[in-house]
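What's counted below: heavy atoms across the whole structure, side chains too, no hydrogens, waters or symmetry copies.
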Amino acid sequence: MTTDSQVTPHTTDAVEQPESSPTQHFTPNRTKAEYVGLAARGFVMGCADIVPGVSGGTMAFILGIYEELVMSIRAGARRPFWQALLRFDILAALEAVNARFLAAVLAGIVVAVFTLASWLEWILKSHPVLIWSFFFGLVFASIVTVRKRIRRWTATLYAALAVGAVGAFFIVGAVPVQTPESAWFLFLSGMLAICAMILPGISGSFILLLLGKYQFVLAAINQRDIVSLAIVGVGAVVGIVTFAQILAWLFKRYHDLTIAVLIGLMAGSLRKIWPWKLTVESIIDRHGEVLPTVQQNFLPSVWTGEVFLALGLAVAGFIIVLLLDRLSTSK
């Protein structure tokens, strides 16, 4: 799907663009209302990033800002930005990285993380079926809508989709482990989590869970542990700027192939987001938290009020994405 805030999709045979036009992928002239809309999209991304199994990248994909987000982050390591910075031309440096766009999206993410972390922590423990159902509907609908961004499907693209789906299916089924809490590992966790966070289908929070750092980071947010958050944050900045270079190159050279793989990642992640799970095995971490290590998805056999509510939330999530897609298409 496309919006007026989204970059123009490239074809698979696109040619690398010159670096003399740092804002060529961006939409510089936005109204205040559009920036508020970007902050709202960032808020949705932040909500998703908190939940293990739901990717903020998926939400960015659904909301039509994914490619501009990747290109803007990528610009932070490119020549125009650093040349302007060395000349102390701050305005040119900010323009080179699409700073207004990034600031609006980041503001929404930060507000979501710091205002909803404790609430989402509670609802995940108290009503997990309901929250997972809503996100399942969102992600499933995004697969349906994003596939339209590829005009002509080929055998190669279907194969790429299958590879992405199988890869995500096994990654989200991996077992969480216990790991050290030293600075170097927090830095590494931030790097790996942020890379997953901008990949639709692979949750950065889930990567933190696999690395044994999800509860640690969530507690650091709720307790305002600035030092630990700063270490994780520095690792995240290094990781996202580095990884964005790879993603941007793939979008420019192999756009349709990259989209196909990303759709596959979203499809494979549905294994983790499935609402009804039976915990077969679990462990207790060093903080006394029970972490499920082996879970099986199942269909509910008794149609209770919660089941109907969960189905309603899944349908609501599905319809929301379809409406957003129709709105963006009409615009």
- Contact summary for Ala112 and Cys47, nearest pair of heavy atoms: CB-N, 3.7 Å

- Would you call Val237 and Val234 a side-chain contact if the rule is heavy atoms closer than 4.5 Å? no

- Exam field: side chain Gln245 to backbone Arg74, donor-acceptor pair closer than 3.5 Å: yes

- Hey, any chance Phe318 and Ile320 share a hydrophobic cluster, counting ILVMFWY side chains that come within less than 4.5 Å of each other, even indirectly? yes

- Message: Can you list, by chain and residue number, the hydrophobic cluster partners of Phe169 when the side-chain cut-off is 4.5 Å?
- Response: Val166, Phe170

- Query: Between Leu38 and Ile65, is any pair of side-chain heavy atoms under 4.5 Å apart?
  - Reply: yes

- Query: Below 4.5 Å, heavy atoms only, C-beta onward: do Met45 and Leu69 meet side chain to side chain?
  - Reply: yes

- Note on the structure: Taking every heavy atom of Ala96 against every heavy atom of Ala75, the minimum-distance pair comes out as O-CB, 3.2 Å

- Any pair with a residue in residues 298-320 that passes side-chain hydrogen bond (donor to acceptor under 3.5 Å, both in side chains), sequence neighbours left out, goes on the list, sorted by first then second residue, please. none

- Message: Please say yes or no: joined through hydrophobic side-chain contacts below 4.5 Å, possibly via intermediate residues, are Leu278 and Trp274 part of one cluster?
- Response: yes

- Query: Is there a side-chain contact between Ile259 and Glu67, using heavy atoms and a 4.5 Å cut-off?
  - Reply: yes

- Would you check if the side chain of Trp82 reaches a backbone N or O of Gly76 as a donor-acceptor pair within less than 3.5 Å? yes

- So how far is it from Thr156 OG1 to Tyr254 OH, rounded to the nearest 0.5 Å? 12.5 Å

- Item | Spacing of CD1 belonging to Ile194 relative to CD1 belonging to Ile73, to within rounding of 0.5 Å | 7.5 Å

- Begin with the C-alpha distance, continue with both residues' side-chain angles, and end with the deciding distance and a verdict on side-chain contact (heavy atoms from CB on, under 4.5 Å) for Val110 and Phe43. CA-CA 8 Å; Val110 170; Phe43 186 86; over 6 Å; no

- Parallel, tilted or perpendicular, as decided by the 30° and 60° cut-offs, for the rings of Phe251 and His255: tilted

- Of the non-hydrogen atoms in Ala77 and Val241, which two are nearest, and what is the gap between them? CB-CG1, 3.5 Å

- Nearest heavy-atom approach of Ala93 to Ala84 is N-CB, 3.5 Å

- Tightest non-hydrogen contact, residues Gly42 and Ile109, listed as O-CG1, 3.1 Å

- Item | Val129 and Trp276: CA distance, side-chain angles, deciding distance, side-chain contact (heavy atoms from CB on, under 4.5 Å) verdict | CA-CA 6 Å; Val129 171; Trp276 293 280; 3.6 Å; yes

- Message: Could you check whether any side-chain N or O of Glu34 sits under 3.5 Å from a backbone N or O of Thr31, counting only pairs where one atom can act as donor and the other as acceptor?
- Response: yes

- Message: Distance check, rounded to the nearest 0.5 Å: Ile131 atom CD1 versus Phe134 atom CZ?
- Response: 7.5 Å

- Query: Under 4.5 Å between side-chain heavy atoms, hopping through other hydrophobics if needed: is there a path connecting Leu299 to Phe140?
  - Reply: yes

- When rounded to the nearest 0.5 angstrom, what distance separates CG in Leu186 from CZ in Phe216? 5.0 Å

- Test item: Arg271 side-chain N/O and Gly268 main-chain N/O as donor-acceptor pair under 3.5 Å: no

- Item | For the student: nearest non-hydrogen atoms of Met71 and Ala248, plus distance | SD-CB, 3.8 Å

- Item | Pairwise side-chain contact, Ile221 with Phe114, heavy-atom cut-off 4.5 Å (strictly under) | yes

- Item | Within one Ile-Leu-Val-Met-Phe-Trp-Tyr cluster: Leu229 and Ile231, side-chain cutoff 4.5 Å | yes

- Message: Could you go through Phe101 and Arg30, starting from their C-alpha distance and side-chain angles, then the distance that decides it, and tell me whether this counts as side-chain contact (heavy atoms from CB on, under 4.5 Å)?
- Response: CA-CA 9 Å; Phe101 167 85; Arg30 285 187 167 100; 3.9 Å; yes

- Query: Roughly how far apart are Leu262 CG and Ile143 CD1, rounded to 0.5 Å?
  - Reply: 11.5 Å

- Do Val232 and Ser189 come close enough that some side-chain heavy atom pair is under 4.5 Å? no

- Message: With rounding to the nearest 0.5 angstrom, report the CG to CH2 distance, Leu188 to Trp184.
- Response: 6.5 Å

- Task: Give the intermediate values and the outcome of side-chain contact (heavy atoms from CB on, under 4.5 Å) for residues Arg147 and Trp153.
- Result: CA-CA 9 Å; Arg147 65 176 177 78; Trp153 282 87; 4.0 Å; yes

- Message: I want to check something: taking the side chain as every heavy atom from C-beta on, are Ile263 and Met266 in contact at a cut-off of under 4.5 Å?
- Response: yes

- Item | ILVMFWY network linking Phe298 to Val307, side-chain heavy atoms under 4.5 angstrom | yes

